[in-house]
Every structure is written in C-alpha cells, then in structure tokens.
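Below you'll find the structure, written out as structure tokens, and then a few comments.
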Amino acid sequence: MPAYPHLFQPLDLGFVTLPNRIMMGSMHTGLEEMPDGIERLAAFYAERAAGGAALIVTGGFSPDSAGNLSPHPAEMASAADRDRHKPIPRAVHDAGGRICLQVLHAGRYGKNPRIVAPSAIRSPINPIAPREMTAAEIEATIEAFARSAVLAREAGYDGVEIMGSEGYLITQFLALRTNQRKDEWGGSLENRMRFGVEVVRRTRAAVGRDFIIIYRISALELVEGGQTTEEILAVARAIEAAGATILNTGIGWHEARIPTIAQAVPRGGFAWVTRRLRDAVKLPLVASNRINAPEIGEDIIARGDADMVSLARSMLADAAFANKAKAGDRAGINICIACNQACLDHIFSGQFASCLVNPRAGRETQLAYLPVAKKKSVAVVGGGPAGLSCAAIAAERGHAVTLFEAAGELGGQFNLAKRIPGKQEFAESVAYYADRMRRAGVTLRLGQAAGDAELAKFDEVVLATGIDPRTPAIPGIDHPKVAGYVDVLHGRAKVGKDVVIIGAGGIGFDVALYLLEKGGHSQTDPKAFAAHWGITADAAAPGGLDPKGPEAPHPAHRITMLKRSDGAFGKTLGLSTGWVHRIELARNGVAMIKGVQYRRIDDAGVHITVDGKESCVPADTVILCAGQDPRRDLLAGIEGRGRKAHLIGGAREAGELDAKRAMLEGAQLAAAL
Ligand code: FAD
Ligand code: NAP
Ligand code: SF4
C-alpha cells in the first residue's frame with residue numbers, strides 16, 4: 001500500500017491525464033527578468049519536473065507592457081517572447097513533466113509608471129498610483145491575455161494559469177474596493193466579473209479545447225471591501241462556464257493584514273476555503289498555502305477538500321518532494337519551514353529566490369555538488385545549520401566526514417528557535433539534516449566538544465561553532481532578575497509579570513512572542529487561527545472578515561522592549577513577515593522604547609536615559625537579547641599548530657548572521673572542499 005494513496009492517484013482532465021495530485025504552484029523567482037533567466041528557469045523547473053511534480057506553473061508573465069509587476073519586463077506578449085521561452089517547456093518535457101505559463105497582469109500592484117486599474121485608486125502597498133483604464137484598453141487587455149495564451153501554446157507550454165487572485169488586475173475588477181466604475185465593467189457583480197470571465201472565455205476560444213486553463217480564483221480576500229463568499233461562488237460558476245480546466249485557490253490580497261503563508265499560518269490552514277467551492281463547480285479544485293508535507297496534502301485530498309494540492313515554496317525546499325513522497329520516504333523530504341527569508345524576502349528586495357534550507361534552489365546552474373576527485377578526512381565542529389549543511393554535502397560528495405557537536409542533540413540554535421510559536425517547523429530541518437547525514441555516512445560525535453589536538457588528525461577542519469550570546473556591560477547585569485534568552489527559552493528562568501527585554505532584534509521579538517503566545521494554538525489549528533485574526537466563514541461577510549475583528553488578547557506579561565538605536569522597531573525582521581510580528585506585539589500592548597542609554601538594573605527595574613530624561617522601567621524579569629559574538633575558541637589552538645581552519649556561520653561572523661547565511665556558507669564550502 002503506498003504511503004500517500006490519494007496523492008498519487010492520476011487525475012484525468014479529459015484530454016490529458018496527470019500522474020498525481022501534486023502541482024508546483026506559481027512563484028516569482030526573480031529570474032524571469034534576468035538576462036540569463038530563461039536558461040536558469042529551464043534548469044530550475046526541469047529539476048522539479050524530474051522530481052515528480054505532475055504539473056508546474058511558472059512565475060507570472062504579463063500579457064502586455066502595462067501589466068508588468070516589476071520595472072523590468074517579464075512578458076509573454078510577442079513572438080520574440082515566445083521564442084525566448086521555448087527552452088523552458090522543452091526542458092520540463094525532457095524531464096517528463098508538464099508546465100503551464102502563468103499570465104499575470106499586476107494592475108495597480110505594478111512597479112512601473114504605466115500601471116492601470118479599473119479605477120484610479122492607489123494600493124496601500126504601492127507608492128505608484130494607477131491610471132483608470134478606458135473601455136478600449138479593457139478590450140485590448142482581454143485580447144492580450146488570449147494572445148499571451150496562444151503564444152504560450154506555440155512556445156510549447158501545456159497550458160496557462162490565469163491569475164485571478166491575490167489582488168492583481170482581475171481581482172481589482174471584481175472587488176468594490178478597487179472597482180468604482182459606472183460603465184458595463186463596474187457596479188453589479190455581473191459587470192465586475194465580466195473582465196475575468198471574458199479573459200477565460202476568449203482564451204479558451206483562442207487556444208482550442210486541448211490546452212489546460214487553470215484559473216486562480218480569489219477564494220478568500222481578507223481585505224475590507226473584498227468580495228463575499230456568495231460572490232466568489234458565483235464567479236467560480238461563471239469561470240467554469242467560460243471554459244477553465246482547473247480552479248486553483250488564491251488566498252488574500254497582497255495588501256491584506258492577515259498572514260496567508262507565513263509561519264503564523266497553520267499547515268494546510270486554508271483548505272476549508274477550497275472546500276467551499278466544491279458545491280459550486282465540477283472542475284478539479286486545487287488547495288494551496290502552507291501545504292509543506294505529504295501527509296497534509298494526502299489528508300486534504302482524502303477529505304475531499306480538493307483534487308490537487310499546490311506546493312510552491314515546498315518545491316524550492318525540495319525539488320524531489322513528489323518522488324520522495326511516492327516512495328514513502330517522508331524522512332528524506334527537506335521541509336519548507338515557511339520562513340520566507342530566501343524566497344519572498346529576496347523577491348521583495350530585488351534578489352532571485354532561493355531557499356534557506358536548500359541553498360541550491362535558484363542556483364541550479366551555479367552550485368553543483370559533484371563527486372570529489374580526492375577523498376579527504378573532514379572534521380566539522382558544530383552541528384547547527386552551518387555545520388549540518390556542510391557535513392551532509394561534503395559527505396555526499398565522497399569525503400569522510402566527522403561531525404562533533406558539544407550538545408547532546410544536533411541543531412544548534414534551531415533547538416531554541418523551534419520553541420517560538422510558529423517556528424515549530426525548525427524541528428523538521430534538524431530531523432531532515434540528521435537523517436541526511438546518517439544516509440551520507442557522516443560519523444557523529446554527539447555530546448563531544450572537539451579539542452584542537454583531536455582536530456589535528458584531519459585533512460580539513462571546519463569550525464561551525466556558532467556564537468555566544470552577548471552580555472552587555474550594564475551595572476547590575478548580574479542581578480538575580482536578569483536572565484539570558486537561552487535560559488528563558490529552555491524554561492530554566494522564572495519570568496515574572498513585568499518584563500523588560502534588552503535588545504530588539506529577531507531574538508528580542510521572538511522572545512516577546514514566546515512569552516505572549518505560549519499555550520496558544522493559532523499557528524497550528526485553523527479554527528484558532530481564524531478567531532485569532534478575525535476571519536469568518538459567514539458567506540455574506542465582505543472579504544471574509546469578521547465584523548467583530550480579531551479575538552481579544554489576554555497577555556500573561558506586561559512587556560517593554562528597549563534598544564539604543566533610533567530606527568523603527570522590527571526593521572531587521574523579514575520584509576514579508578516582520579509586519580506579522582509587529583501586529584502581534586502591538587495587539588498585546590508591548591511597549592517599545594528606542595534611543596535608550598542603559599544606566600543600571602536594580603530591584604526596581606531598568607534605569608534608562610532617553611533624550612536626556614532619566615526614568616525607570618519596572619521589571620520583575622530582565623531578559624537579555626543583546627546580540628551575539630562569534631565563538632571561535634578553537635581557532636588559536638589550531639593555528640598554533642600551524643594549521644588552517646575554515647570558518648562558517650556564526651563562528652565566522654556573528655553580526656547579521658541568520659540561518660540562511662549559515663546554511664549557504666556550509667553548502668558553498670562543502671561544494672568546494
Ligand atoms: P549555531 O546554530 O549556534 O550552532 C553552533 C553549534 O556548535 C552549537 O550546536 C554548539 O553546541 C556547537 N559547538 C560550539 N562549540 C563546539 C565545540 N567546541 N565542539 C563541538 N560543538 C561545538 N535564524 C533565521 O534565519 N531565521 C529565524 O527565524 C531564526 N530564529 C531564531 C530564533 C531564536 C530563538 C534563535 C536563538 C535563533 C534564531 N535564528 C534564526 C538564528 C539562527 O538559528 C542562527 O543564525 C543559526 O543557528 C546559526 O548557525 P550556526 O551553525 O552558525 O551556529
Ligand atoms: P540582532 O538582530 O543583532 O539584535 C541584537 C539587539 O541587541 C539589537 O536590538 C541591538 O540593538 C541590541 N544590542 C546589541 N549590542 C548591545 C549591547 N552591547 N548592549 C545592549 N544592547 C545591545 O541579533 P539577535 O536578535 O540576537 O538575532 C541574531 C540573529 O538571528 C539575527 O541576525 C537574526 O537575523 C536571526 N534571527 C532572525 C529571526 C527572523 O525572524 N528572521 C528571528 C530571530 C533571530 P541596539 O544596538 O539598538 O541596542
Ligand atoms: Fe520555505 Fe523558507 Fe525555503 Fe522559502 S526560504 S522555500 S519559506 S524554507
């Protein structure tokens with residue numbers, strides 16, 4: 001009996017049969033706009049097709065110039081675009097897969113000066129205001145979608161996905177929030193949905209019957225003035241009648257202030273939204289968002305919530321997800337931890353998408369793990385993310401690797417991170433890398449701090465010894481009410497009602513969240529998540545928002561966060577996720593004081609000066625989250641013996657260290673050893 005029988009049933013679309021129920025969902029990778037992007041995308045998608053995904057959807061390509069998302073064009077609008085794209089479907093077909101081109105018109109989300117929208121209403125997340133489309137432009141844009149699909153077909157794609165969700169142009173026509181037109185394209189639902197329906201109808205007429213048209217429907221909008229579920233079901237019926245092959249689920253607009261894919265969202269937490277489409281249409285349905293493990297996909301399909309599952313980031317984390325799931329090799333799957341750090345945050349900052357737990361993603365043509373020419377003995381000291389990544393890859397390449405870890409378990413700081421609400425996924429990475437090292441034959445020395453004498457026996461020595469938490473030189477720092485974040489997160493320190501956190505980096509925010517949300521279930525239970533964020537299943541509620549709002553918090557602590565610098569709090573958090581943490585802390589009344597000079601800590605609390613004024617912030621407990629320094633105590637001994645060592649992760653540089661950098665440095669070194 002296969003481990004995930006529902007996931008691996010074929011799906012008959014009438015003119016083509018997909019081998020399983022796993023779709024690789026659309027992700028913008030940033031390669032779309034690069035000069036060598038097509039070749040890199042071809043390699044990227046081919047690796048995922050070879051990995052067993054039944055159907056791949058590309059990142060968004062605009063049907064015309066106004067619809068581009070970024071200032072650099074990524075279009076399927078001309079014969080030249082068609083010819084340029086040909087290597088992508090060819091590579092995917094050679095690898096045994098199928099691929100659809102996503103046609104996306106960004107409307108008012110575009111970052112170019114030509115942007116247009118149904119009405120001239122600026123998005124809160126875009127400084128550029130759109131121009132209202134004329135009726136003639138609307139007609140031309142519908143034609144551009146259909147032409148784009150024809151070009152995609154000529155390029156060799158198996159189909160298109162028409163992007164009708166996430167707040168892009170088609171959604172902007174659908175919602176009263178963004179469509180205030182008085183002509184036949186605005187007003188009644190029939191008028192507002194005409195644009196999207198016409199796009200599908202004319203696309204079908206242009207491409208013929210045997211070409212996949214996925215329509216990504218905005219199934220839960222999560223913005224004020226968004227569509228109600230009743231309206232969404234009517235749209236679904238009209239899209240089916242217009243000729244779509246598959247209905248994929250889109251959740252939330254980009255400007256929604258409710259997380260839709262971050263770690264705060266439970267696994268498979270929006271499958272109930274897809275389920276609601278079931279009675280409206282007969283089309284195969286695709287569930288999406290936070291489906292990162294095969295058992296989650298299996299349950300969704302077994303329950304009948306959807307016919308396929310869309311995995312996007314999970315395919316960055318592991319290109320062979322589907323094949324491994326088919327073989328029942330759950331432990332061999334590198335699970336996406338929903339951090340967004342190397343994927344979405346990269347896109348938001350103009351870099352190409354990669355993956356924190358799989359640095360090779362997006363670097364398929366650059367980071368090769370080739371068999372070694374000469375086998376060496378390699379000591380890796382430290383079993384945190386840097387050491388794990390390095391040891392596994394070096395051993396897989398053929399080196400004889402020994403990993404020393406002073407603690408009784410692998411994982412380094414991930415064993416602290418996994419205690420933070422929402423970061424339980426970090427435990428998956430530790431388990432995955434531990435298993436990968438076992439398979440690669442790494443010799444493990446757990447509970448063993450390496451000494452420099454022992455390391456002298458190895459051909460290569462890698463120091464991945466991480467960091468030491470910084471203890472700032474503040475008078476009273478040894479007061480019994482002062483605790484480090486390590487002791488707090490291990491539950492070794494008693495934490496009183498009034499808490500002051502010194503330091504407001506990622507760890508300061510995480511510790512605040514840990515204290516406030518301990519025992520909550522909003523990150524693991526979809527019902528608790530909906531109540532926590534004010535989402536309702538009431539079909540008449542605009543945007544799916546509960547008019548009562550989010551549930552009231554009951555914080556167990558009164559927290560004040562302090563920092564010396566002047567910038568905004570949370571500036572160093574992830575671009576696509578920091579706002580979630582800021583909202584949580586604000587809702588729980590966390591006070592934040594910047595520009596602080598620390599005077600002393602005593603029985604009363606933390607004495608500070610801000611703008612020349614002295615005050616005391618009362619505290620039962622003071623928690624130090626004041627950054628870190630590299631731990632390289634072994635280096636002097638190694639160098640004293642005339643040897644060299646490679647430094648990676650925190651051991652190399654603790655400032656601006658995160659696990660993304662640690663894992664990448666481990667992988668790059670292992671590829672070069
Ligand atoms: P470490 O993880 O510190 O690992 C070093 C290892 O070396 C340790 O296991 C240590 O025991 C071992 N060691 C040290 N000396 C010796 C010796 N002599 N012999 C043998 N073993 C030795 N990063 C992110 O990117 N995203 C996040 O969301 C995130 N959240 C975090 C939340 C918390 C609460 C914490 C504490 C950290 C978080 N981080 C996060 C930071 C991230 O975990 C670190 O950047 C990363 O772990 C650094 O990896 P490393 O391998 O360099 O060091
Ligand atoms: P950090 O981001 O460097 O923050 C350290 C904080 O301590 C800053 O607020 C700093 O603020 C303060 N500080 C530094 N030196 C101090 C001193 N001598 N006295 C008093 N305060 C001092 O480091 P971190 O929070 O320890 O996090 C470590 C790494 O883990 C980070 O680089 C981060 O990327 C990663 N991480 C990421 C996430 C995530 O969600 N992505 C979560 C957790 C951790 P002032 O200088 O203004 O006082
Ligand atoms: Fe998932 Fe993080 Fe990798 Fe993005 S960077 S794919 S969120 S693990």
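As the structure lists them, so they are numbered: ligands from 1, and atoms in each ligand from 1.
Panel note: side chain Ser389, backbone Ala667; a donor-acceptor pair is recorded below 3.5 Å. No side-chain donor-acceptor contact under 3.5 Å links Asp435 to the backbone of Ala431. Glu425 places no side-chain N or O within 3.5 Å of a backbone atom of Gly422 that could act as its donor or acceptor partner.
By the 3.5 Å distance cut-off applied to N or O atoms, Tyr598 is not counted among the residues near ligand 2. Considering backbone and side-chain atoms together, Ile507 places an N or O closer than 3.5 Å to an N or O of ligand 2. Taking any N or O of Leu657, backbone or side chain, at least one lies under 3.5 Å from an N or O belonging to ligand 2. The shortest N/O to N/O separation between Glu656 and ligand 2 does not fall below 3.5 Å. Any N or O atom pair closer than 3.5 Å counts here, and Asp658 shares no such pair with ligand 2. Taking distance alone, with nitrogen or oxygen atoms compared against 3.5 Å, Ala626 approaches ligand 2 more closely than that limit.
Atom 53 (O) of ligand 1 has Gly466 CA, 3.3 Å as its closest protein atom, hydrogens excluded (heavy atom only). Among protein heavy atoms, the minimum distance from atom 5 (C) of ligand 1 is reached at Ala464 O, 3.4 Å. Of the protein's non-hydrogen atoms, Gln628 OE1, 3.5 Å is the one closest to atom 28 (C) of ligand 2. Of the protein's non-hydrogen atoms, Gly506 CA, 4.4 Å is the one closest to atom 37 (C) of ligand 2. Summary of contacts: the protein heavy atom closest to atom 13 (N) of ligand 1 is Arg631 NH1, 3.9 Å. Atom 9 (O) of ligand 1 has Glu405 OE1, 2.6 Å as its closest protein atom, hydrogens excluded (heavy atom only). Among protein heavy atoms, the minimum distance from atom 18 (N) of ligand 2 is reached at Arg564 NH1, 3.6 Å. At the shortest separation from atom 2 (O) of ligand 1 among protein heavy atoms lies Gln413 N, 2.9 Å.
Of all the heavy atoms of Lys594, none lies under 4.0 Å from any atom of ligand 2, so neither backbone nor side chain is involved. Residue-level proximity to ligand 1 for Leu489 is carried by the side chain, the only part with a heavy atom below 4.0 angstrom. Under 4.0 Å from ligand 1, the heavy atoms of Asp510 that appear belong solely to its side chain. With a 4.0 Å cut-off on non-hydrogen atoms, Leu634 touches ligand 1 through its side chain and not its backbone. Proximity of Arg419 to ligand 1, defined as any heavy-atom pair under 4.0 Å, is not found for any part of the residue. Heavy atoms of Phe509 found under 4.0 angstrom from ligand 2: none, in either backbone or side chain. The side chain of Lys423, and not its backbone, has at least one atom closer than 4.0 Å to an atom of ligand 1 (non-hydrogen atoms only; side chain from C-beta on). With a 4.0 Å heavy-atom cut-off, ligand 1 is reached by the side chain of Ile507 but not by its N, CA, C or O.
Interface of Gly503 with ligand 2, defined as ligand atoms under 4.0 Å from a residue heavy atom, comprises 6 (C), 7 (O), 9 (O), 12 (C). Numbered from 1 in the order shown, with element, the atoms of ligand 1 that lie under 4.0 Å from a heavy atom of Ala659 read 23 (N), 24 (C), 25 (O), 45 (O). Listed by atom number, the atoms of ligand 1 under 4.0 Å from Gly412 heavy atoms are 2 (O), 4 (O), 8 (C), 9 (O). Residue-ligand proximity, Gly627 to ligand 2, at heavy-atom distances under 4.0 Å covers atoms 5 (C), 7 (O), 23 (O), 26 (O). The Ala504 neighbourhood of ligand 2 comprises atoms 6 (C), 8 (C), 9 (O), with distances under 4.0 Å to a heavy atom of that residue. Taking every heavy atom of Gln448 and a limit of under 4.0 angstrom, the matching atoms of ligand 1 come to 20 (C). Near Gln341, meaning under 4.0 Å from one of its heavy atoms, ligand 1 places the atoms 24 (C), 25 (O), 26 (N), 27 (C), 28 (O). Counting atoms of ligand 1 from 1 in the listed order, those under 4.0 Å from a heavy atom of Ala406 are 20 (C), 21 (N), 22 (C). Using a 4.0 Å cut-off to heavy atoms of Asp510, the atoms of ligand 2 that qualify are 42 (C), 43 (C). Taking a cut-off of under 4.0 Å to the non-hydrogen atoms of Leu657, the atoms of ligand 1 that pass are 45 (O), 48 (C). Shown in contact with Ala662 at under 4.0 Å from a heavy atom are these atoms of ligand 1, numbered in order with element: 49 (O). Of all the atoms in ligand 2, the ones that sit under 4.0 Å from a non-hydrogen atom of Ser565 are 45 (P), 47 (O). Shown in contact with Ala386 at under 4.0 Å from a heavy atom are these atoms of ligand 1, numbered in order with element: 51 (O), 52 (O). Close approach to Gln341 involves these atoms of ligand 2, each under 4.0 Å from a residue heavy atom: 41 (N). Listed by number with element, the atoms of ligand 2 under 4.0 angstrom from any heavy atom of Cys625 are 5 (C), 6 (C), 7 (O).
Taken to the nearest 0.5 Å, the CD atom of Gln413 stands 4.0 Å off from the CD1 atom of Ile467. Distance check, rounded to the nearest 0.5 Å: CZ of Arg48 to CE of Met315 gives 8.5 Å. Of the inter-residue distances, the one linking Ile502 atom CD1 with Ile601 atom CD1 reads 4.5 Å to the nearest 0.5 angstrom. The CD1 atom of Ile291 lies 6.0 Å from the CG atom of Leu311; values are rounded to the nearest 0.5 Å.
Under the 4.0 angstrom criterion, atom 39 (N) of ligand 1 counts as lacking any protein heavy-atom contact. The nearest protein heavy atom to atom 10 (C) of ligand 2 is not closer than 4.0 Å. Per-atom contact check: atom 3 (O) of ligand 2 does not touch the protein, criterion being a heavy-atom distance below 4.0 Å.
No heavy atom of Leu573 sits closer than 4.0 Å to any atom of ligand 2. At least one heavy atom of Lys423 sits closer than 4.0 Å to an atom of ligand 2.
Here the shortest heavy-atom pairing between Ala450 and Val381 reads CB-CG1, 3.8 Å.
Salt-bridge formation is not detected for the pair Glu396/Arg360: no Lys NZ or Arg NE/NH1/NH2 atom is positioned less than 4.0 Å from an Asp or Glu carboxylate oxygen. Between Arg661 and Asp658, no side-chain nitrogen of the basic residue sits less than 4.0 Å from a carboxylate oxygen of the acidic one, so the salt-bridge criterion is not met. The existence of a salt bridge linking Asp329 and Lys324 is excluded, since no basic side-chain nitrogen approaches an acidic carboxylate oxygen closer than 4.0 Å.
Side-chain contact between Leu515 and Ile623 is present, with at least one heavy-atom pair separated by less than 4.5 Å.
Among His581, Lys563, Arg470, the residue whose heavy atom sits closest to atom 15 (N) of ligand 2 is Arg470. Comparing heavy-atom distances from atom 16 (C) of ligand 1 across Leu573, Thr465, Val488 singles out Thr465 as nearest.
For the residue pair Arg363 / Ser354, a side-chain donor-acceptor distance below 3.5 Å is found, with atom types taken as modelled.
The aromatic rings of Phe509 and Phe569 are tilted relative to each other, their planes meeting at an angle between 30° and 60°.
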* **Stepwise side-chain contact (heavy atoms from CB on, under 4.5 Å) check, Met27 with Cys343** => CA-CA 9 Å; Met27 266 177 300; Cys343 50; 5.6 Å; no

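With waters neither drawn nor counted, the protein N/O/S atoms under 2.8 Å from atom 2 (Fe) of ligand 3 amount to 1.
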